[in-house]
Protein chains: 2
Amino acid sequence: MSRTIKLLLAEDQSMVREALAALLGLEEDMEVVVQVARGDEVPAAARAHAVDVALLDIEMPGATGIEAAAVLRREFPDLKVVVLTTFGRPGYLRSAMEAGADAFLVKDAPAAQLAEAVRKVLAGERVIDPTLAAAALADGANPLTDREREVLRAAADGSTNAELAAALHLSQGTVRNYLSTAIQKLAVRNRAEAVRIAREKGWL
Amino acid sequence: MSRTIKLLLAEDQSMVREALAALLGLEEDMEVVVQVARGDEVPAAARAHAVDVALLDIEMPGATGIEAAAVLRREFPDLKVVVLTTFGRPGYLRSAMEAGADAFLVKDAPAAQLAEAVRKVLAGERVIDPTLAAAALADGANPLTDREREVLRAAADGSTNAELAAALHLSQGTVRNYLSTAIQKLAVRNRAEAVRIAREKGWL
DNA sequence: ACTCCGGCATGACAGATGTCATGGCCGGCA
DNA sequence: TGCCGGCCATGACATCTGTCATGCCGGAGT
């Protein structure tokens, strides 16, 4: 036994993706058998290639790595999923775990942890940054309702209330109410801060 | 002749940095002889190790890769500088060129372009993405004055006029005037949009 | 000497934003 | 059945934000 570990690698930045593949290629017992640059290409890639572990970046076009993880979890219950991200946001960790990820790594962790995490998840372990886990627990769950998140996300680019109302088919007053409640829940004083905090927490 | 090309690699995310080093290590004639994770550690690293080419990420703690490039250019006129970035912002390209960079690469370009760029700059060529160059020319120079940039940057986190005034030792009216002129120069309708556009262009 | 531009400021005004009270509708839950 | 929470809306109010006119100062360029 102990044949080569076959990996799927999903990451939108070519240079980073291929560099990670080169890094993993240095491991004697690992091989990246398929690479994709979009989240929505992950399921098809998993169907086309028998892989043991999927390494998924979060920020990708098409679908996030977390969404892709949820799909893989349903369709391939035995496939291990490692979520990899630039931003150590507590809310991301929480979402990734809820989507069924086996490991959660931030890109500023030492490179050695990547191969290590692959081996651990195959051994049935879960790998998460303890600091981030603590932060996720401390923050609690996302306090925003679907609508509040939707409005806040739409407001993030600097749209005015009138534009938001038109885009979301709501009245201006309703838009303002949602933003007002979001602002209060996040304990800030205006929409710009609300957007910033929600982003930092990974709640947006 | 044609001895090994010695490289300095500056990038704050360990995993990405070491992966890039692995990628470059696959090239027969190249070797990453020193890695740093902060912009302000670049000059010392260049002094301590005789390198032929410096690969600098832009977004780093301590100092940006562009600032580091300017320092290297002054102190080591023969050292070639390749600026590497996640964000293909026209303003970044302009600043990098003004700082004396020899090449400007975005991380979503194919990985092969990295080694290729290293060889080209050593041959005396300049390497820049033509699309990005066109965008930089089309955008023109940063239209914001120092003060406008400063106020806009400070306003980016959602601070109110009163807070900005206090932080920058200005009157509230002056803060509003600067923001107003910035908003007009960027042809947008509020500070949030101004921040977004300035960021996108690399003017912030 | 004159003009332009950037930095700094004030006051006045219109419009955008945030809060609050209030109420209707619906679905889930005790 | 009754209560609660999320969703949607209105109107009134206070405050914040963006614009404009205007003015002063100092440096750079003609």
Side-chain angles (χ1 to χ4, degrees), chain A residues 91 94-95 98 139-204, chain B residues 91 94-95 98 139-204:
Chain A
R94 182 177 289 267
S95 310
E98 285 168 3
D139 282 350
N142 189 337
L144 304 175
T145 68
D146 286 350
R147 278 312 214 193
E148 286 159 1
R149 255 205 329 281
E150 201 178 344
V151 175
L152 200 53
R153 215 181 306 132
D157 65 357
S159 298
T160 117
N161 284 330
E163 289 165 343
L164 295 176
L168 301 171
H169 307 292
L170 293 173
S171 84
Q172 285 200 36
T174 305
V175 168
R176 298 198 315 198
N177 285 342
Y178 282 141
L179 287 173
S180 184
T181 58
I183 287 166
Q184 287 177 290
K185 285 180 180 178
L186 300 176
V188 295
R189 280 187 318 297
N190 57 50
R191 62 182 71 191
E193 276 192 335
V195 167
R196 186 171 61 83
I197 297 299
R199 279 231 179 90
E200 275 175 21
K201 302 280 194 183
W203 288 341
L204 209 138
Chain B
R94 182 178 290 265
S95 308
E98 286 168 1
D139 282 350
N142 188 336
L144 304 175
T145 67
D146 287 350
R147 277 315 213 190
E148 287 159 0
R149 255 206 329 281
E150 202 177 341
V151 175
L152 199 53
R153 216 179 305 131
D157 64 357
S159 298
T160 125
N161 284 331
E163 289 165 343
L164 295 175
L168 301 170
H169 307 292
L170 293 173
S171 84
Q172 286 200 34
T174 305
V175 167
R176 299 201 316 208
N177 285 341
Y178 282 142
L179 287 173
S180 183
T181 58
I183 286 167
Q184 287 177 288
K185 285 179 179 177
L186 299 176
V188 294
R189 282 187 317 295
N190 56 50
R191 64 183 68 192
E193 277 191 336
V195 166
R196 186 170 60 83
I197 298 298
R199 279 231 179 89
E200 274 175 20
K201 302 280 194 183
W203 286 342
L204 209 140

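Residue numbers begin at 1 in each chain, while the letters A, B, ... track the order of the sequences.
- Atom NZ of Lys185(B) and atom CG of Leu152(B) lie 11.0 Å apart (nearest 0.5 Å).
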If pairs are Watson-Crick or G-U with both distances under 3.5 Å, what is the dot-bracket string of DNA chain D, marking crossing pairs with [ ] and pairs to another strand with |? ||||||||||||||||||||||||||||||
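- When the salt bridge (charged side-chain N to carboxylate O under 4.0 Å, His left out) test is applied to Arg149(A), the partners found at least two apart in sequence or on another chain are Asp146(A).
- For residues 160-171 of chain A, the salt bridge (charged side-chain N to carboxylate O under 4.0 Å, His left out) pairs, not counting sequence neighbours, are Glu163(A)-Arg189(B).
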Quick one: side chains of residues 197-204 of chain A, donor-acceptor pairs under 3.5 Å with protein atoms, not counting sequence neighbours, listed by atom name and distance.
from	atom 1	to	atom 2	distance (Å)
Glu200(A)	OE2	Arg196(A)	NH1	3.2
Lys201(A)	NZ	Asp139(A)	OD1	3.0
Lys201(A)	NZ	Asp139(A)	OD2	3.4

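- Using a 4.0 Å cut-off on heavy atoms, none of the residues of residues 163-172 of chain B approach DNA chain D.
- A nucleotide of DNA chain D counts as in contact with chain B when one of its atoms lies under 4.0 Å from a heavy atom; the first and last such, 5' to 3', are dT17(D) to dC20(D).
- Of all the heavy atoms in Leu186(A) and Pro143(A), the pair that sits closest is CD2-CG, 4.5 Å.
- Distance check, rounded to the nearest 0.5 Å: CG of Asn161(A) to CG of Leu179(A) gives 6.5 Å.
- Scanning residues 153-162 of chain B for heavy-atom distances under 4.0 Å to DNA chain C yields an empty list.
- Annotation for Glu193(B) and Gly158(A): closest pair CG-O, 3.7 Å, computed over non-hydrogen atoms.
- At whole-Å resolution of the value, CG in Leu144(B) and P in dG7(C) are 11 Å apart.
- For residues 165-177 of chain A, the set of pairs meeting the salt bridge (charged side-chain N to carboxylate O under 4.0 Å, His left out) definition, not counting sequence neighbours, is empty.
- Side-chain atoms of Asn190(A) do not come within 3.5 Å of backbone N or O of Thr160(B) as any donor-acceptor pair.
- Note on residues 150-162 of chain B: pairs passing salt bridge (charged side-chain N to carboxylate O under 4.0 Å, His left out), not counting sequence neighbours, are Arg147(B)-Glu150(B).
- For residues 173-186 of chain A, proximity to DNA chain D is found at Gly173(A), Thr174(A), Arg176(A), Asn177(A), Tyr178(A), defined as any non-hydrogen atom under 4.0 angstrom from a strand atom.
- Residues meeting the side chain to side chain donor-acceptor pair (under 3.5 Å) test with Arg94(A), sequence neighbours left out: none.
- Note that the OH atom of Tyr178(A) and the CG atom of Leu170(A) stand 6.5 Å from one another [nearest 0.5 Å].
- Nearest heavy atom pair, residue Ser159(A) against residue Leu164(A), reads CB-CD2, 3.7 Å.
- In terms of heavy-atom proximity, Leu168(A) sits nearest to Ala154(A) at CD1-CB, 4.4 Å.
- Using a 4.0 Å cut-off on heavy atoms, the residues of residues 188-196 of chain A that approach DNA chain C are Asn190(A), Arg191(A), listed by number.
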